[in-house]
Amino acid sequence: MLKNKLKIPDKTRKPFPDRLGSLVIGFDYRDGENVGSDVALEFGEELETIQPKGFGSDREFEEPDGGVEAECVQEEVLTGGGAAAAAAGETEFRARQRPGREGSGHVSVLEVIAADEKRSDVEYELSQEEINLEKLQRIASKGLPDEGGLRATTWKLLLGYLPPSRNLWQKELSENRLKYAKLKGDLLISPSEFARRKILGFGPCETEAGSDVDGPLRRHQISQEDHPLSLGKASVWNQYFENTEVAEQIDRDLQRTHPDMKFFSGETVISRRHREAMRNILLLFAKLNPAIRYVQGMNEVLAPIYYVFSTDPNEQNAANAEADSFSCFVRLLGDSVDHFCQQLDNSSVGILSTLSRLSELLKTNDEELWRHLEFTTRVEPQFYAFRWITLLLTQEFSFQSILRIWDSLLGNPFGVQDMLLRVCCAMLLCMKSRLLSGDFIANLKLLQHYPDINIEHLLQMPF
């Protein structure tokens, strides 16, 4: 069992803990409003399947009928039908040709105006001496602007890394960044460097007492814990070799992180620098949490945070993206880290319990679909939603869509996990027609390779 269970930090004030909260196990470290679309879709409506914009996805999936896609729209809108049909939520499928690539980037005047209003709203809230977190949550849930570093600052506030009082921001940032640098300097050094520092702490080599001429050099004594062949738990070399396998796994995973984005997978100096920073974060987290260590997929959870922080136009913030990302990564995992602990899978806080909550949520909102998946086709949530939940949907959509979804996850006043389950349920409801007509293989393939859809409509599904 995982000791020192994680507690969700206070939403209004989450200082960088001296011991990294209860995430740090066995380590005691001390030093000396709504501008989006108002269209709401009814349960069971299948959303328009579109090509992802901006950041692409390298995932492939089958398309029905040779490249045409099904669009589920309300019959009232399409045909001008009676109010009774609209009230009953009747829908029909229409096949349409995929729009040409040249039109995929078209932005209407109304969209430009809406984006400007949204940006103004965020800028206004962030300019206040005391940030109203409830207002900021409502704005974030509708999507944050990509430019101006507004998303980076807002995420830091919503995760509790920045306090609501603006006049405390610089002080908090400076202290937290210094603490990270000290943690990194103490824990992410090789044993040889550790020995070198230890030797320097004793001062330079001295000749034998009373000798006034150069003579044989006196060798420093090597303690048992400093010996490379030591198997003791306190041995820095033994700890180093134990962490080597973890570091190699992190390196392999980082090479596969969003391979379609040069930011992560390129071979330029900057790309390698980004991977090195993310490696430091993940390795430090693993060392501070020996009961959890590093679990494959954590790199995908870290990627959006590090990307947003390191692309902040504020040069000082971008330069400190590694330190800021580490602390926010810890906070984000605060209420879901148990999903990565296999020993807790069957507990009330484990992943199986969370999957059960998703199943109950689907049953409450659409019992027909729930019965079809659970009993007719026997497609259990473990087969598709395990990845959805543990990786916070980072493998299901294009990168730009992930950022938009995370705005809503972080902006939810009831917590990330609450909103995450709602989004997962909405993903099932949006595919209702295809799921009801599919068998086990078809439905499993659909849910494991979720098609690109209109994210705004997905996030506006009524619950």
Side-chain angles (χ1 to χ4, degrees), residues 6 8-9 14 16 20-21 23 55 136-137 140 143-146 148-162 172-173 176-177 180 183-184 250 253-254 256-258 261 263-265 271 273-286 288-289 292 294-314 316-337 339-340 389-412 415-417 419-420:
L6 280 168
I8 301 177
K14 305 175 186 177
F16 190 106
L20 295 184
L23 276 180
F55 297 92
L136 196 62
Q137 286 174 335
L144 294 167
D146 295 319
L150 299 177
R151 176 175 276 128
T153 303
T154 302
W155 281 15
K156 291 173 184 177
L157 282 161
L158 296 178
L159 285 165
Y161 182 57
L162 287 178
E172 290 290 319
L173 288 173
N176 293 340
R177 290 164 178 173
Y180 175 78
L183 277 173
K184 181 180 172 182
I250 291 174
D253 290 346
L254 288 176
R256 296 191 291 259
T257 302
H258 297 286
M261 295 178 62
F263 178 92
F264 296 105
S265 61
S271 298
R273 188 181 304 157
H274 291 324
R275 289 197 297 273
E276 180 66 21
M278 294 176 66
R279 181 184 191 271
N280 291 337
I281 294 170
L282 295 170
L283 189 55
L284 184 56
F285 179 88
L288 293 173
N289 296 275
I292 307 167
Y294 169 79
V295 179
Q296 192 171 16
M298 287 183 176
N299 58 304
E300 301 291 349
V301 178
L302 173 62
I305 298 176
Y306 180 76
Y307 174 84
V308 169
F309 292 176
S310 63
T311 55
D312 190 327
N314 181 297
Q316 184 178 13
N317 288 338
N320 288 281
E322 181 181 329
D324 296 347
S325 296
F326 172 78
S327 188
C328 288
F329 176 70
V330 170
R331 285 168 168 78
L332 182 61
L333 289 186
D335 61 348
S336 64
V337 72
H339 294 161
F340 291 98
I389 293 172
T390 56
L391 302 189
L392 303 182
L393 299 173
T394 55
Q395 293 287 283
E396 315 313 318
F397 301 99
S398 67
F399 194 77
Q400 188 63 36
S401 295
I402 294 169
L403 301 183
R404 171 63 190 92
I405 292 172
W406 277 34
D407 290 341
S408 292
L409 296 183
L410 298 177
N412 183 40
V416 170
Q417 288 297 305
M419 186 62 187
L420 177 61

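Between atom OG of residue Ser336 and atom CG of residue Leu391 there is a gap of 10.0 Å, rounded to the nearest 0.5 Å. Rounding to the nearest 0.5 angstrom, the gap separating the CG atom in Leu254 from the OG atom in Ser265 is 11.0 Å. Taking CD of Glu396 as the reference point, atom OG of Ser401 lies at 12.0 Å (rounded to 0.5 Å). How far CG of Leu283 is from NZ of Lys184: 11.0 Å, rounded to the nearest 0.5 Å. Annotation: the span from Leu410 atom CG to Leu158 atom CG amounts to 6.0 Å, rounded to 0.5 Å. Between atom OG of residue Ser408 and atom CG of residue Leu420 there is a gap of 11.5 Å, rounded to the nearest 0.5 Å.
Applying the salt bridge (charged side-chain N to carboxylate O under 4.0 Å, His left out) rule to pairs touching residues 397-406 yields Arg404-Glu456, sequence neighbours excluded.
For Asn320 (side chain) and Gln316 (main-chain N/O), a donor-acceptor pair under 3.5 Å exists by modelled atom type. Side-chain N or O atoms of Thr153 include one that pairs as donor or acceptor with a backbone N or O of Gly149 at under 3.5 Å. When atom types are taken as modelled, the side chain of Trp406 and the backbone of Ile305 share no donor-acceptor pair closer than 3.5 angstrom. With hydrogens and angles ignored, the 3.5 Å screen pairs a side-chain donor or acceptor of Arg151 with a backbone N or O of Leu144.
Every residue meeting the side-chain contact (heavy atoms from CB on, under 4.5 Å) condition with Ala277, not counting sequence neighbours, appears here in chain and number order: Tyr306, Glu322. Under the rule for a ring-ring contact (aromatic ring centres under 6.0 Å, His included), Tyr294 has no partner lying at least two apart in sequence or in another chain.
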Next on the checklist: Determine whether Thr390 and Glu300 satisfy the following criterion, side chain to side chain contact (heavy atoms under 4.5 Å, CB included), listing intermediate values before the conclusion.
Outcome noted: CA-CA 10 Å; Thr390 56; Glu300 301 291 349; over 6 Å; no
Item to check | Test side chain to side chain contact (heavy atoms under 4.5 Å, CB included) applied to Asp324 and Leu173, step by step | outcome: CA-CA 8 Å; Asp324 296 347; Leu173 288 173; 4.2 Å; yes
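Residues Phe264 and His274 place their aromatic rings such that the two centres sit no closer than 6.0 Å. Proximity of the aromatic rings of Phe326 and Phe285 is defined here by a centroid distance below 6.0 angstrom, and this criterion is not met.
No hydrogens or angles considered: nothing links the side chains of Ser271 and Arg275 as a donor-acceptor pair under 3.5 Å. No hydrogens or angles considered: a donor-acceptor pair under 3.5 Å links the side chains of Thr257 and Asn299.
Two residues are said to be in side-chain contact when any heavy atoms from C-beta on lie closer than 4.5 Å; Pro304 and Leu403 meet this criterion. Counting heavy atoms from C-beta on, the side chains of Ile292 and Met298 come closer than 4.5 Å. Residues Phe309 and Trp155 have side chains in contact (heavy-atom distance under 4.5 Å, counting atoms from C-beta outward). For the pair Glu276/Arg279, a side-chain contact is recorded, criterion being any heavy-atom separation below 4.5 Å from C-beta on. With a 4.5 Å cut-off on side-chain heavy atoms, Ile402 and His258 count as touching. Gln417 is listed as a side-chain neighbour of Ile389, based on a closest heavy-atom distance under 4.5 Å.
Between Phe399 and Tyr307, the ring-plane angle classifies as perpendicular under the 30° and 60° cut-offs.
Here the closest non-hydrogen pair linking Val416 and Leu392 is CG1-CD2, 4.4 Å. Nearest heavy atoms, Gly148 versus Pro313: C-CG, 3.7 Å. Closest non-hydrogen pair, Asp407 versus Ala140, comes out as CB-O, 3.2 Å.
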